[in-house]
Amino acid sequence: MKGQAFRTISLEATHRMKEKYDPRTIETEWQAFWEKTDLFKVSEDPSREKYYLLEMFPYPSGKIHMGHVRNYTIGDVVARYKRMRGFNVLHPMGWDAFGMPAENAAIANNTHPAQWTYDNIDAMRTQLKRLGFSYDWDREIATCRPEYYRWEQWLFIKMYEKGMAYRKESFVNWCETCQTVLANEQVEAGMCWRCGKPVRQKKLRQWFFRITDYAEDLLAYCDRLEGWPEKVTTMQKNWIGRSTGAEIHFPVENRDEAITVFTTRQDTVFGAAFMCLAPEHPLVTTLSHGTQQEAAVADFIDRMALSDRSSRAVEEYEKEGVFTGGYCINPMNGRRMPVYTANFALMEYGTGAVMSVPAHDQRDFEFARKYHLEIVVVVQPPNEELDPTTMTEAYAGDGTMVNSGAFNGLHNREAMEAIAGRMEKKGVGKKTVNYRLRDWGISRQRYWGAPIPMVHCKDCGIVPAAEADLPILLPEDAELLEGGKSPLPSLEAFIQTTCPGCGRPARRETDTMDTFVESSWYFDRYCSPRRHDAMFDKEAVDYWMPVDQYIGGVEHAILHLLYSRYFTRVLNELGLIDCKEPFTRLLTQGMVCKETVACPAHGFLFPEEIQESGEDRLCRKCGDQVTVGRVEKMSKSKKNVIDPNVLLDRYGADTTRLFCLFAAPPERDLEWSEQGVEGGHRFLNRVWRLFNAWEEAVREVSPSDGKGLPSEVKGLYRKTHGTIKKVTNDIEERFHFNTAISAVMELVNGMNAVETNAAAPENASRETAAVMKLAMETTVKLLSPMVPHFAEELWRATGHEGSVLLTSWPDYDEAALKTDEILIVVQVNGKLRGRFTIDADADQSAVKQRALEDDQVWKFIDGKAIKKVIVVKNKLVNIVV
RNA sequence: GCCUGGGUGGCGGAACAGGUAGACGCAAGGGACUUAAAAUCCCUUAUGGCUUAGUCCAUGUACGGGUUCAAUUCCCGUCCCAGGUACCA
């Protein structure tokens with residue numbers, strides 16, 4: 001605090017709370033107070049233990065949605081909790097500000113992407129502030145600012161120099177009409193999502209990051225990420241897709257070259273009867289050239305280029321192919337194998353060539369049957385004899401080798417090793433490891449992104465921009481073009497430059513970077529966001545990193561998280577940071593869902609388009625009955641959205657936060673419920689009234705230490721300590737805020753019962769008031785991370801100065817949890833038959849005795865022989881008869 | 001197809017290490033307060049049964065088996081739902 005009393009918040013301890021809970025007033029007052037007193041500002045302090053809490057930063061689309069509210073509420077609770085636990089907590093926020101929607105919006109509204117983006121950021125920042133999140137706003141970053149992407153360009157150059165960034169030709173989804181590259185998810189059934197015209201596979205020179213160099217390391221560390229959900233590490237492992245096998249070279253007939261394949265089943269090489277190449281494979285055209293097949297092959301390649309990857313991958317896609325006219329030779333047995341090109345062979349996996357073993361691979365089997373190709377059995381299963389003429393499906397299991405020359409009789413698993421060894425000796429192949437993971441293509445033919453800082457020079461080739469020229473600014477005066485084509489290649493003022501090598505005129509690279517690049521290091525930048533002469537302040541980044549707890553949607557399980565892990569390794573190797581894994585613990589929160597409502601005439605309806613009339617729900621546009629559909633993730637297209645602003649206006653931030661936390665545990669989907677929000681609001685009101693009633697009575701007393709308790713409040717004292725324990729565990733170990741809140745609700749119910757059962761506040765004994773005070777202060781502290789404004793106000797009401805956030809989290813006294821008497825339940829043959837209470841220190845035989853004497857129990861054991869009696873300490877007795 | 005999750009009252013969800021199934025909240029019904037309504041407070045609420053309406057009995061955590069004194073929890077099999085992934089050679 002800066003010494004001066006803040007205007008609207010009275011700092012006096014005698015400040016009286018208002019009769020009525022008015023969230024809007026207290027929330028704006030406390031937000032202003034926090035800001036004025038710099039409460040959330042942090043700096044490195046080596047004497048204190050740090051805690052870096054991060055939520056995935058949002059794309060500035062214009063409005064916060066409920067998914068954000070949930071994500072950031074969860075994060076804020078943890079941040080505030082850790083802070084009360086004494087940690088030096090870094091909790092920053094910023095904007096993932098480059099990307100396509102800004103360009104689309106700019107075209108649609110005739111604004112500039114920068115203008116649109118910055119306006120959105122302002123709007124969303126205001127919303128986040130209204131929710132009372134404890135961000136250190138001084139660290140805010142927007143990735144579209146030159147101060148940010150300058151360092152991304154700098155890093156790109158470092159990576160280029162180290163060979164980690166390179167350029168190569170690859171296939172992309174290309175829309176001719178829009179003159180642009182489309183991401184896979186922008187291709188709908190083979191058509192451009194924007195103009196509806198067919199999408200082609202086009203070869204383009206593109207920039208790549210060599211993430212595959214780290215495939216093994218990224219995979220190996222998956223098992224060490226103990227704080228990550230297994231679901232996510234499993235998805236990453238599958239994505240990396242390591243498989244062991246062999247690389248085999250099949251010489252091409254009459255040519256001095258070979259087709260190299262990757263296979264995991266080198267044991268079946270003697271059964272390889274034909275070869276399948278991806279349509280994009282360079283040999284396909286070469287082999288068919290001058291043969292009768294030439295026209296058919298060309299036609300097939302054309303047709304395949306038209307179908308994008310996702311539609312090629314649709315279910316039950318018919319396997320088809322065309323003979324290329326060429327042959328290759330099986331290096332192990334000299335078999336002449338026809339070379340086909342087939343739609344199921346993928347250029348981007350392995351070598352783009354498949355040795356086809358129809359007897360032992362289902363896909364090859366179907367292909368062979370369709371085109372009447374040879375089927376050779378080389379692995380015989382243990383209990384049956386395979387006959388190639390009558391087989392109805394491939395046999396992919398293990399067995400004994402046949403038709404395989406010197407390897408006949410071996411078990412196929414042994415043969416794998418033996419054949420690999422033999423191939424290596426002959427120089428026709430070797431054991432190898434293959435990954436599904438591809439290098440990361442980062443080129444985008446887009447305007448609204450970070451320019452790739454490279455220069456094309458006629459004489460020197462491709463050279464990095466000079467460090468002194470950074471940042472390579474994205475020109476602001478660009479005119480956005482209908483259709484999405486990047487204006488950069490036609491902006492002469494941008495393109496023309498001089499070569500940093502020879503000084504002669506040269507041209508700038510016009511590709512911009514994939515926006516996943518920005519989000520792969522923003523968490524490092526938060527550590528020293530204003531540093532202008534370096535990417536990061538090494539000391540700061542080594543103090544704060546790695547992120548202790550990262551929170552976000554599971555939809556980023558693969559790309560964002562994998563790229564961030566990769567970048568951390570790169571930065572580590574370049575000596576810029578010490579850590580190797582960026583996120584120690586990861587929480588993936590569930591989606592926010594709501595029922596969909598549709599009208600037969602008008603389709604999906606927004607909640608405000610629905611009229612409630614008695615039991616009926618009607619469409620406001622036409623008055624017809626609406627139909628209620630499935631509960632689905634809130635989305636604009638389904639119109640099942642709730643605008644957080646409406647909630648903030650109606651209930652305030654604390655109720656909104658409380659509902660998000662209470663309705664479901666964080667990792668599960670949350671189903672929206674208007675009544676649930678009401679319920680949360682009612683709870684806060686109930687607490688408010690309780691505090692109002694007791695405010696005077698507890699003002700002068702100190703919280704009870706548990707000594708000399710009147711019997712009517714003994715239970716409440718114990719409950720208070722029990723609640724601290726429960727809430728602490730729920731937050732600390734599981735982030736189960738829903739059960740934490742339930743526990744506080746129970747405590748509040750307990751406090752209410754004091755008034756009904758024991759004493760009205762005005763004639764409560766001093767001891768009773770002392771226990772009440774303890775319970776009240778505990779309630780405030782336990783609730784403060786979740787409903788911070790509300791808690792601040794009540795903290796004042798219990799006679800304290802300053803912010804409750806600056807106090808420490810309450811401890812519980814294990815001794816206070818002990819009860820004099822405990823409840824024992826009695827079972828007969830495992831069925832509940834009775835219960836009794838007994839002194840907590842009673843020994844087991846006494847407990848057993850009591851159980852056997854119980855009237856209720858006796859009814860069930862009378863006349864039967866007791867076989868066994870099991871006594872579980874402090875819990876139950878089970879009598880087996 | 002494969003890989004993850006998940007299936008518990010009218011609903012959201014609890015039961016953390018096999019030990020009282022249904023915490024807490026919502027909704028519903030009844031009652032109190034009020035001229036009235038809202039708000040608030042109290043009571044009831046898994047299903048079925050009843051000779052003793054009870055500290056009662058039976059059934060019950062998707063379904064079928066199993067292990068155990070005891071299973072929502074562990075094991076085997078089946079069904080359904082959600083998410084991810086997919087011709088990966």
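Letters A, B, ... are given to chains in the order of the sequence lines, protein chains preceding strands, and every chain is numbered from 1.
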Open item on the list: Below the 4.0 Å mark, does B:U59 have OP1 or OP2 next to a side-chain nitrogen or oxygen of A:K831?
Closed with: yes
- [ ] Measure from the ring center of A:Y340 to the ring center of A:F367 and say whether it is less than 6.0 Å.
- [x] yes
Task: Atom pair distance, as rounded to whole Å: CZ in A:F344 and P in B:C88 - done: 9 Å
Open item on the list: By nearest atom, which of the nucleotides B:C24, B:C87, B:U85 is closest to the A:K319 side chain?
Closed with: B:C87
Open item on the list: Counting the atoms with a prime plus P, OP1 and OP2 as sugar-phosphate, which does A:P229 contact under 4.0 Å by heavy atoms, base, sugar-phosphate, or nothing?
Closed with: nothing
TODO: Could you please name the option among B:C88, B:C41, B:A21 that lies closest to any side-chain atom of A:R363?
DONE: B:C88
Open item on the list: Classify A:G241 by what it touches in the nucleic acid, base, sugar-phosphate, or nothing, heavy-atom distance under 4.0 Å.
Closed with: nothing
Open item on the list: Tell me whether the count of non-hydrogen atoms from other residues, nucleotides or ligands lying under 6.0 Å of NZ in A:K875 goes above 12.
Closed with: no
Task: Gap in Å between the two P atoms, one belonging to B:C42 and one to B:G7, rounded - done: 33 Å
Task: side-chain N/O A:N749 vs B:G25 OP1/OP2, d < 4.0 Å - done: yes
Open item on the list: What I'd like to find out is whether the side chain of A:K431 reaches to under 4.5 Å of the side chain of A:E247, using heavy atoms alone.
Closed with: no
TODO: Using a cut-off of strictly less than 4.0 Å, decide whether A:N738 has a side-chain nitrogen or oxygen near OP1 or OP2 of B:A14.
DONE: yes
Open item on the list: Under 4.0 Å from OP1 or OP2 of B:C26: is there any side-chain N or O of A:R682 that close?
Closed with: yes
TODO: Using the P atoms only, state how far B:U4 lies from B:C74, rounded to an integer number of Å.
DONE: 15 Å
Open item on the list: Between B:G18 and B:G12, how far apart are the two C1' atoms, rounded to whole Å?
Closed with: 27 Å
Open item on the list: Reading RNA chain B from 5' onward, which residue's closest nucleotide shows up sooner: A:V354 or A:A664?
Closed with: A:A664
Task: Spacing of A:E678 atom CD relative to B:C11 atom C1', expressed in whole Å - done: 16 Å
Task: Whole-Å gap separating P (B:C26) and CG (A:L670) - done: 16 Å
- [ ] Nearest whole angstrom, please: distance from the P of B:C87 to the OH of A:Y349.
- [x] 11 Å
Task: Nearest to side-chain heavy atoms of A:I870, which nucleotide of B:C88, B:A23, B:C69 - done: B:C69
Task: Distance in angstrom units between A:D730 CG and B:C24 C1', rounded - done: 12 Å
- [ ] Return the 5'-most residue of the pair A:A743, A:N434 with respect to RNA chain B, ranking by each residue's nearest nucleotide.
- [x] A:A743
TODO: Starting from Watson-Crick (N1-N3 plus N6-O4 or O6-N4) and G-U wobble pairs under 3.5 Å, report the runs of at least three that RNA chain B belongs to.
DONE: B:1-7 with B:79-85, B:10-12 with B:24-26, B:28-32 with B:40-44, B:46-49 with B:56-59, B:62-66 with B:74-78
Open item on the list: Side chain of A:R689 only, heavy atoms from C-beta on: which candidate in B:C41, B:A89, B:G13 is closest?
Closed with: B:C41
TODO: Could you measure between the two P atoms, the one in B:G22 and the one in B:G10, and give it in whole Å?
DONE: 16 Å
Task: Any A:R833 side-chain nitrogen or oxygen under 4.0 Å from OP1 or OP2 of B:C57 - done: yes
Task: Donor on one side chain, acceptor on other, A:Y349 and A:S243, under 3.5 Å - done: yes
TODO: Give a yes or no on whether a salt bridge exists between A:D267 and A:R265, defined as a side-chain N under 4.0 angstrom from a carboxylate O.
DONE: yes
Task: Closest listed nucleotide, where the reference is the side chain of A:F662 and the choices are B:C24, B:A89, B:U20 - done: B:C24
Task: Whole-angstrom distance between B:U45 and B:G9, as gauged at atom C1' - done: 10 Å
TODO: For the side chain of A:T264, starting at C-beta, report the closest nucleotide among B:A14, B:C24, B:A89.
DONE: B:A89
Open item on the list: Would you say A:R668 places a side-chain N or O within less than 4.0 Å of OP1 or OP2 belonging to B:A14?
Closed with: yes
TODO: Check the distance between B:G84's P and A:I240's CD1 and give it to me in whole angstrom.
DONE: 20 Å
TODO: For the side chain of A:T234, starting at C-beta, report the closest nucleotide among B:G19, B:A89, B:C3.
DONE: B:C3
Open item on the list: If you only use heavy atoms from C-beta on, which nucleotide in B:G19, B:A89, B:A23 is closest to the side chain of A:T263?
Closed with: B:A89
- [ ] With the side chain counted from C-beta on, respond yes when A:T73 and A:L661 share a heavy-atom pair under 4.5 Å apart, and no when they do not.
- [x] yes
TODO: Give the nucleotide from the list B:A14, B:C3, B:C88 with an atom nearest to the side chain of A:N238.
DONE: B:C3
TODO: For residues A:F790 and A:Y21, establish whether the separation of their ring centroids is below 6.0 Å.
DONE: yes
- [ ] With the side chain of A:Q675 defined as its heavy atoms from C-beta on, choose the nearest nucleotide among B:C26, B:A14, B:C24.
- [x] B:C26
Open item on the list: For the C1' atoms, the ones on B:U59 and on B:G6, what distance do you get once it is rounded to whole angstrom?
Closed with: 25 Å
Task: Integer angstrom distance from the P of B:U47 to that of B:A36 - done: 33 Å
TODO: Determine whether the aromatic ring centres of A:W440 and A:F516 lie less than 6.0 Å apart.
DONE: no
TODO: Pick the P atom in B:G64 and in B:A71, then give their distance to the nearest Å.
DONE: 15 Å
Open item on the list: In this structure, how many angstroms lie between the P atom of B:C88 and the NZ atom of A:K237, rounded?
Closed with: 21 Å
Open item on the list: I want to check a possible cation-pi pair here: A:R585 against A:W228, using under 6.0 Å from ring centre and within 45° of the ring axis as the test.
Closed with: no
Task: Distance, rounded to the nearest Å, where A:E674 contributes CD and B:G12 contributes P - done: 17 Å
TODO: Please find out if less than 6.0 Å separates the ring center of A:F683 from that of A:F662.
DONE: no
